[in-house]
Every structure is written in structure tokens, then in C-alpha cells.
Amino acid sequence: MKLLDCPVIGARPISEFDYMGEVRVPPFEADEAAWSDYVFNRNGAPGVLREWWYHRPSGRWYVLMRDTLTDRVVGHVDLAEVRYELPS
């Protein structure tokens, strides 16, 4: 069984988590080309990414820093650090 080593709650079965993608700020004031680039294009290069993970049993969200080359969690980011304000 594959485990996700969460720095907050410890090693848990990966089946308890939902991967929700890389943390990215959407381009609110953008034309169609910029939105298209945001939606469809990713860098894809191996390295450390900040990613959204949802832990279903506890109902909690986590932002984990995961090295995509080694598939190891290397840190945790406070949710306040990834918060952004919606334009009014």
C-alpha cells in the first residue's frame, strides 16, 4: 500500500487523499489566450511543487510541497500563504 507522508498528520494511505492539482493563481484580468494558457498548459518539469491535497476522513485541506521526481513530500505550506483575494 502506498503511503503519503503528510508532515501534519503523519503517514497515511494514499487512498485517503484526493489530489487536487498544483497551487496556481488564476489570471483574473486576462484575455482568451492567457486563460487558455492557464487552463491547458503546465510546465511539467520535475521538481518541487506546491499541491492541493484533500484528506477525506478528516475533511481537511493541505498544501504539500512534493518533489515530483522522487514522489516524496518535502514540506507543508500554511493555507494562509496560498490565499488570494478575488477581484471585486
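Since this is a predicted model, take the numbers as computed values, not measurements.
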Verify same cluster id: [X], [Y] (apolar side-chain graph, 4.5 Å):
X     : Y     : answer
Val8  : Leu79 : no
Met65 : Val82 : yes
Tyr19 : Val23 : no
Ile14 : Ile9  : yes
Met20 : Leu49 : no

* Matching residue for Val48 among Leu69, Thr70, Val74 - test: side-chain contact (heavy atoms from CB on, under 4.5 Å) ->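 The side-chain contact (heavy atoms from CB on, under 4.5 Å) with Val48 is passed solely by Val74 among Leu69, Thr70, Val74.
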Close side-chain approach of [X] to [Y], heavy-atom, < 4.5 Å:
X     : Y     : result
Tyr38 : Val25 : no
Pro7  : Leu64 : yes
Thr68 : Glu51 : yes
Val63 : Trp52 : yes
Trp53 : Trp61 : no

* **Test: Arg72 and Asp5 ion pair at under 4.0 Å** =>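 No, Arg72 and Asp5 are not salt-bridged.
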* Roughly how far, to the nearest 0.5 Å, is the CD atom of Glu22 from the CG atom of Asn43? ->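 Output value for this atom pair is 8.0 Å.
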* To do: Give, for atom CZ of Phe40 and atom CH2 of Trp35, the distance between the pair rounded to the nearest 0.5 Å.
  =>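 Reported to 0.5 Å precision, the distance equals 11.5 Å.
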* **Shortest non-hydrogen separation from Ala30 to Ala34 and the atoms involved** =>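 Heavy-atom minimum between the residues: CB-CB, 3.5 Å.
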* **Heavy-atom closest contact (Tyr54 atom, Gly59 atom, distance)** =>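 Looking at all heavy atoms of both residues, the closest pair is OH-CA, 3.4 Å.
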* Around Arg60, counting heavy atoms of other residues, nucleotides and ligands shown, do more than 12 lie under 6.0 Å from its CZ? ->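 Check fails, neighbour count at 12 or below.
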* For Tyr62, enumerate each residue passing the ring-ring contact (aromatic ring centres under 6.0 Å, His included) test, keeping only those at least two apart in sequence or located in another chain. =>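 Counting only residues at least two positions away or on another chain, Tyr62 forms no ring-ring contact (aromatic ring centres under 6.0 Å, His included).
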* Any residue meeting salt bridge (Lys or Arg N to Asp or Glu O under 4.0 Å) with Arg83, in chain and number order, not counting sequence neighbours ->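 If we apply the salt bridge (Lys or Arg N to Asp or Glu O under 4.0 Å) test to Arg83, skipping adjacent residues, there are no hits.
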* **side-chain hydrogen bond (donor to acceptor under 3.5 Å, both in side chains) partners of residues 6-17, not counting sequence neighbours, each pair once** =>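 Qualifying pairs, neighbours excluded: Arg12-Glu16, Glu16-His55.
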